Amino acid sequence: MLIRLIVGLGNPGPKYAGTRHNMGFVVLDELARREKLTWSPASKHECQTAPWECQPGRKVLLAKPQTYMNLSGRPVRSLCDHYKIDPADLLVVSDDCEIPLGELRIRTQGGPGGHNGLASIIEHCQTEVFPRLRLGIGPADPTMDLSDFVLGRFRPEDKAAIENLTNRAVSAIINSLSFSIEKVMNEFNRKQMNP
């Protein structure tokens with residue numbers, strides 16, 4: 001497995017900026033900022049992309065689908081087909097309300113776990129075998145409808161935990177380009193105490 005495509009999940013447009021469901025976008029934007037990458041529209045693939053020479057002679061493509069979460073699989077499949085990328089060489093970054101706020105989990109494969117973006121990718125790529133980096137935004141508020149929770153914004157007191165999560169997620173992505181997913185899992189899946 002050699003990661004060639006990193007996809008951050010979210011919903012496009014200012015209405016959804018800063019919502020819990022957009023953590024995949026937040027992490028890829030931070031990675032692009034640090035590496036001085038430029039996002040460009042790839043309208044043929046319904047996404048924004050940023051090419052990244054992560055190591056000398058090795059290129060990885062960053063992508064943010066612009067189809068809304070429930071249709072994320074369409075641009076992912078389009079990119080995989082166009083660049084001849086096996087889904088096993090894809091890393092998907094998404095929010096997860098089953099994981100406590102500020103923690104993250106890396107997995108090499110698995111079901112959607114109730115996440116519509118992952119479900120769409122599984123449907124369009126016809127496989128559950130692709131690595132994913134899941135970002136903890138939970139637990140969901142039991143008094144709220146789940147869609148209202150994930151489309152809501154973080155509380156001011158969550159700011160430090162979100163910054164810490166974003167930084168750790170960027171580090172996990174960078175590590176996954178040099179080391180095996182299993183090694184990165186062992187390092188980053190440990191419980192994280194928030195500052």
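Being a predicted model, the structure only gives us computed values, none of them experimental. One is the number of the first residue; the rest follow in order along the sequence.
- Looking only at side-chain heavy atoms (C-beta outward), Leu62 and Glu35 stay at 4.5 Å or farther from each other.
- There is a path of hydrophobic side-chain contacts, each under 4.5 Å, that joins Tyr83 to Val92.
- Rounding to the nearest 0.5 Å places CG of Leu61 at 9.5 Å from NE2 of His82.
- Val7 and Leu37 fall into different hydrophobic clusters, defined by Ile, Leu, Val, Met, Phe, Trp and Tyr side-chain heavy atoms under 4.5 Å apart, directly or through other members.
- One finds the CD1 atom of Ile6 at 13.0 Å from the OG1 atom of Thr49 (value rounded to the nearest 0.5 Å).
- If you take CG on Leu165 and CD1 on Ile137, they are separated by 10.0 Å, rounding to the nearest 0.5 Å.
- Asn164 places no side-chain N or O within donor-acceptor distance of the main-chain N or O of Ala160, the cut-off being under 3.5 Å.
- Minimum heavy-atom separation, Pro75 to His45: CB-O, 2.8 Å.
- Under the side-chain contact (heavy atoms from CB on, under 4.5 Å) rule, Ile173 has a single partner from Ile3, Leu133, Val184, which is Leu133.
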>> Checking Arg132 against Leu9 for the side-chain contact (heavy atoms from CB on, under 4.5 Å) test, could you report, in this order, the C-alpha distance in whole Å, the side-chain angles of both residues, the deciding distance, and whether it holds?
In response: CA-CA 11 Å; Arg132 68 282 310 264; Leu9 298 186; over 6 Å; no

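- Electrostatic pairing of Asp29 and Arg33 does not count as a salt bridge here, judged by no charged N lying under 4.0 Å from a carboxylate O.
- The side-chain heavy atoms of Leu71 and Asn116, taken from C-beta on, include no pair separated by under 4.5 Å.
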> Run the side-chain contact (heavy atoms from CB on, under 4.5 Å) check on Thr19 and Arg153 step by step: do they pass?
Replying inline: CA-CA 4 Å; Thr19 60; Arg153 287 176 167 75; 4.0 Å; yes

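- For the pair Cys125 and Val76, the tightest heavy-atom approach, listed with the atom from each and the gap, is SG-CG1, 4.1 Å.
- The minimum heavy-atom distance linking Gly8 with Phe25 is given by the pair O-CE1, 3.3 Å.
- When all heavy atoms are compared, the tightest approach of Phe149 to Arg20 is O-NH1, 2.9 Å.
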> After noting the C-alpha distance and the side-chain angles of Phe154 and Met23, does the key distance pass the side-chain contact (heavy atoms from CB on, under 4.5 Å) rule?
Replying inline: CA-CA 11 Å; Phe154 291 104; Met23 278 303 297; 3.8 Å; yes

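- With rounding to the nearest 0.5 angstrom, the CZ atom of Arg4 is 10.0 Å from the CZ atom of Arg58.
- Taking 4.5 Å as the limit, some side-chain heavy atom of Pro131 sits within range of a side-chain heavy atom of Leu91.
- Taking the six-membered ring for Trp and thresholds of 30 and 60 degrees, Tyr68 and Tyr16 have ring planes more than 60 degrees apart, a perpendicular arrangement.
- Between the Gln66 side chain and the Pro41 main chain, no donor and acceptor come within less than 3.5 Å of each other.
- Ile85 and Leu28 are not part of a single hydrophobic cluster, where members link through side-chain heavy atoms under 4.5 Å apart.
- Checking side-chain atoms of Thr166 against main-chain N and O of Ile162 turns up a donor-acceptor pair under 3.5 Å.
- A 4.5 Å side-chain heavy-atom check between Leu31 and Val27 finds every atom pair outside the cut-off.
- Taking CG from Asn189 and CD from Glu182, the interatomic distance works out to 11.0 Å, rounded to the nearest 0.5 Å.
- In this structure, Ala63 and Cys47 approach most closely via the heavy-atom pair CB-SG, 4.5 Å.
- Here the side chains of Leu146 and Cys97 are in contact, with some heavy-atom distance below 4.5 Å.
- We find the CD1-CG distance between Ile181 and Asn175 to be 10.0 Å, quoted to the nearest 0.5 Å.
- At a threshold of 4.5 Å between side-chain heavy atoms, the hydrophobic network of Ile, Leu, Val, Met, Phe, Trp and Tyr places Val26 and Ile99 in two separate groups.
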> What's the verdict on salt bridge (Lys or Arg N to Asp or Glu O under 4.0 Å) for Glu187 and Lys183, showing C-alpha distance, side-chain angles and the deciding distance?
Replying inline: CA-CA 6 Å; Glu187 181 175 349; Lys183 179 176 169 57; 5.4 Å; no

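- Relative to the ring axis of Phe188, Arg168 does not place its NZ or CZ within 45° and under 6.0 Å from the centre.
- Annotation: side chain of Ser94 is not in contact with side chain of Met69 (no heavy-atom distance under 4.5 Å).
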> Stepwise, does the side-chain contact (heavy atoms from CB on, under 4.5 Å) test hold for Leu151 with Asn11?
Replying inline: CA-CA 9 Å; Leu151 294 176; Asn11 286 305; 3.7 Å; yes

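- Taking 4.5 Å as the limit, some side-chain heavy atom of Ile122 sits within range of a side-chain heavy atom of Phe130.
- Leu90 is not connected to Val93 by any chain of hydrophobic side-chain contacts under 4.5 Å among Ile, Leu, Val, Met, Phe, Trp and Tyr, and they are in different clusters.
- Pairing each heavy atom of Leu135 with each of Gly24, the nearest pair is CD1-N, 4.1 Å.
- Here the rule is side-chain contact (heavy atoms from CB on, under 4.5 Å) with His115, and of Ile121, Asp95, Val150, Asp96 only Asp95 fits it.
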